[in-house]
Amino acid sequence: MVNDMETKLINAVNPHAFEEAGQILRQGSLVAIPTETVYGLAADAYNGTAVAKIFQAKGRPQDNPLIVHIGDCSQLNPLVREMPEQASLLIDRFWPGPLTMILPKSAQVPNEVSAGLDTVAIRFPKHPVAQAVIQAAGTPLAAPSANTSGRPSPTTAQHVLEDLSGKIDAVLDGGTCQVGIESTVIDITVYPPRLLRPGAITWEQLRQVLGTVEIDPAVCNPLTKGQAASSPGMKYKHYAPQARLILLDGGYEQYCDYVRAHAAPHVAALCYQGEEQGLPVEAVTYGAAHDEWGQARELFDALRKLDQRKFSLVYARCPKQEGVGLAVYNRLIRAAGFEVISLE
Ligand code: AMP
Ligand code: MG
């Protein structure tokens with residue numbers, strides 16, 4: 001795609017911001033918008049031609065479906081063919097918020113959104129700017145993360161511009177995203193419900209509401225040859241930094257010993273705040289050791305920093321796989337192409 005348009009940066013505090021973004025969206029063009037998870041690249045979900053532009057701008061594989069974002073629950077029914085029982089339990093407890101549900105799709109959802117599947121992914125974001133834009137557009141918005149496919153998801157308007165400047169009409173700047181990683185995705189069209197992507201709404205919280213919830217094996221493991229992906233996104237390389245990234249699973253002392261033994265120019269550490277002092281290589285941090293929320297918030301920015309600094313090998317601290325930590329682990333293990341060294 002040619003970079004032939006000027007991408008307008010609209011500040012969300014500007015009194016006409018939502019009206020302007022809503023108008024661009026109604027015309028069938030693209031606007032990147034902040035949500036509480038990451039920035040999304042939005043188009044009118046009922047306009048297949050507009051939605052097709054998202055795939056072009058991101059270089060996204062055509063068979064990877066998009067999440068539809070609604071601005072209030074009245075927009076839900078027309079998108080869905082039938083409502084599974086569990087939907088209302090999840091809506092009451094977690095919406096608006098960082099939870100996406102896979103539901104049977106209605107005939108009104110364009111094929112461009114669902115990539116030919118019989119289901120549609122739907123979320124009601126909590127971010128006031130996202131809600132205001134959806135209201136102003138007067139239509140649900142299909143929006144994947146606003147990055148070039150395969151790059152770390154954007155958590156600031158600046159990240160969006162790094163990837164998509166010249167390829168989309170506008171970016172609505174609403175500051176840094178609070179959660180920092182993409183929404184939890186749960187499929188409730190199957191029994192038991194299946195966690196397809198961990199996020200800020202945790203597996204533990206979902207089990208409290210639904211009872212049994214299976215974690216799809218592809219959340220923590222590579223797909224085996226010939227295995228069908230429950231979610232098309234699982235097939236694709238994700239969040240890959242340019243450097244080779246290896247997760248080191250063990251305590252802080254063991255991590256430092258390993259990095260010291262393998263220190264070299266062009267080797268870097270991706271560690272927790274305050275840990276960089278003990279290391280003989282350049283370090284980028286992502287959150288504090290016992291703060292998985294901070295790790296989630298800072299992870300993608302840290303991966304982008306590593307890319308800018310052109311290291312060839314990065315040793316990362318391996319997050320704990322509990323609570324929000326499971327989501328951080330899921331993103332990092334993909335960034336590492338599933339390369340983990342156990343130090344225990
Ligand atoms: P993104 O919006 O870029 O964060 O990606 C959305 C994720 O949701 C991708 O991994 C998609 O494959 C997944 N997804 C979207 N729609 C569906 C669906 N109907 N069934 C299963 N997974 C889906
Ligand atoms: Mg994405």
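Both ligands and their constituent atoms are indexed starting at 1 by order of listing. This is a predicted model, so every value here is computed, not measured.
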**Asked** Can you tell me if Arg197 has a non-hydrogen atom under 4.0 Å from ligand 1?
**Response** yes
**Asked** If hydrogens are left out, which of Leu41, Ile181, Thr119, Asp216 has an atom nearest to atom 19 (N) of ligand 1, that is, the closest non-hydrogen atom?
**Response** Thr119
**Asked** Taking the six-membered ring of Trp293 as reference, does the NZ or CZ atom of Arg297 fall below 6.0 Å from its centre and within a 45° cone about the axis?
**Response** no
**Message:** Considering Ser153, Ser149, Ser231, Ala146 one by one, which has a heavy atom nearer to atom 23 (C) of ligand 1 than any of the others?
**Reply:** Ser231
**Under 4.0 Å to a heavy atom of Asn64 - the qualifying atoms of ligand 1, by number** = 9 (C), 11 (C), 12 (O)
**Message:** Between Ser153 and the Mg ion (ligand 2), is there a contact where an N/O/S atom of the residue lies under 2.8 Å from the metal?
**Reply:** no
**Request:** Among residues two or more places apart or on two chains, list those pairs meeting salt bridge (charged side-chain N to carboxylate O under 4.0 Å, His left out) that have a residue in residues 114-141.
**Result:** Glu36-Arg123, Arg81-Asp118
**Asked** Do the numbers put Arg317 on top of the ring of Tyr272, so that NZ or CZ is under 6.0 Å from the six-membered ring centre and no more than 45° off the axis?
**Response** no
**Request:** State if Arg60 counts as touching ligand 1 under the rule of any non-hydrogen atom under 4.0 Å.
**Result:** yes
**Request:** Number the atoms of ligand 1 from 1 as they appear, then name those within less than 4.0 Å of a heavy atom of Leu117, with their elements.
**Result:** 18 (C), 19 (N), 20 (N)
**Request:** Look at atom 20 (N) of ligand 1 and find which of Thr189, Val38, Val120, Ile102 reaches it with the closest heavy atom.
**Result:** Ile102
**Prompt:** Of all the heavy atoms in Ser230, does at least one lie under 4.0 Å from an atom in ligand 1?
**Reply:** yes
**Item:** Sub-4.5 Å side-chain heavy-atom contact between Asn147 and Arg304
**Value:** yes
**Message:** Under 4.0 Å from a heavy atom of Ser145: which atoms of ligand 1 are those, numbered in the order shown and with their elements?
**Reply:** 1 (P), 2 (O), 3 (O)
**Message:** We want to know whether Ser230 and Asp216 form a side-chain donor-acceptor pair, criterion being a heavy-atom distance below 3.5 angstrom.
**Reply:** yes
Show which side-chain atoms of residues 87-98 pair as donor or acceptor with protein atoms under 3.5 Å away, not counting sequence neighbours.
unit_1: Ser88; atom_1: OG; unit_2: Glu85; atom_2: O; d: 3.4
unit_1: Trp95; atom_1: NE1; unit_2: Leu99; atom_2: O; d: 2.8

**Asked** With no hydrogens and no angle check, is any side-chain donor or acceptor of Glu298 less than 3.5 Å from a backbone partner on Gly287?
**Response** yes
**Prompt:** Any idea which part of Met101 is under 4.0 Å from ligand 1, heavy-atom wise: side chain, backbone, both or neither?
**Reply:** neither
**Message:** Is Ser114 close enough to touch ligand 1? Criterion: a residue heavy atom under 4.0 Å from a ligand atom.
**Reply:** no
**Message:** When you compare the side chains of Glu182 and Ser153, does any donor N or O come within less than 3.5 Å of an acceptor on the partner?
**Reply:** yes
**Asked** Would you say ligand 1 has an N or O under 3.5 Å from any N or O of Glu182?
**Response** no
**Request:** Return the option from Pro65, Ala142, Pro61 holding the heavy atom at the smallest distance from atom 14 (N) of ligand 1.
**Result:** Pro65
**Complete:** When rounded to the nearest 0.5 Å, the distance separating CD1 of Ile246 from NE2 of His262 is 8.5 Å
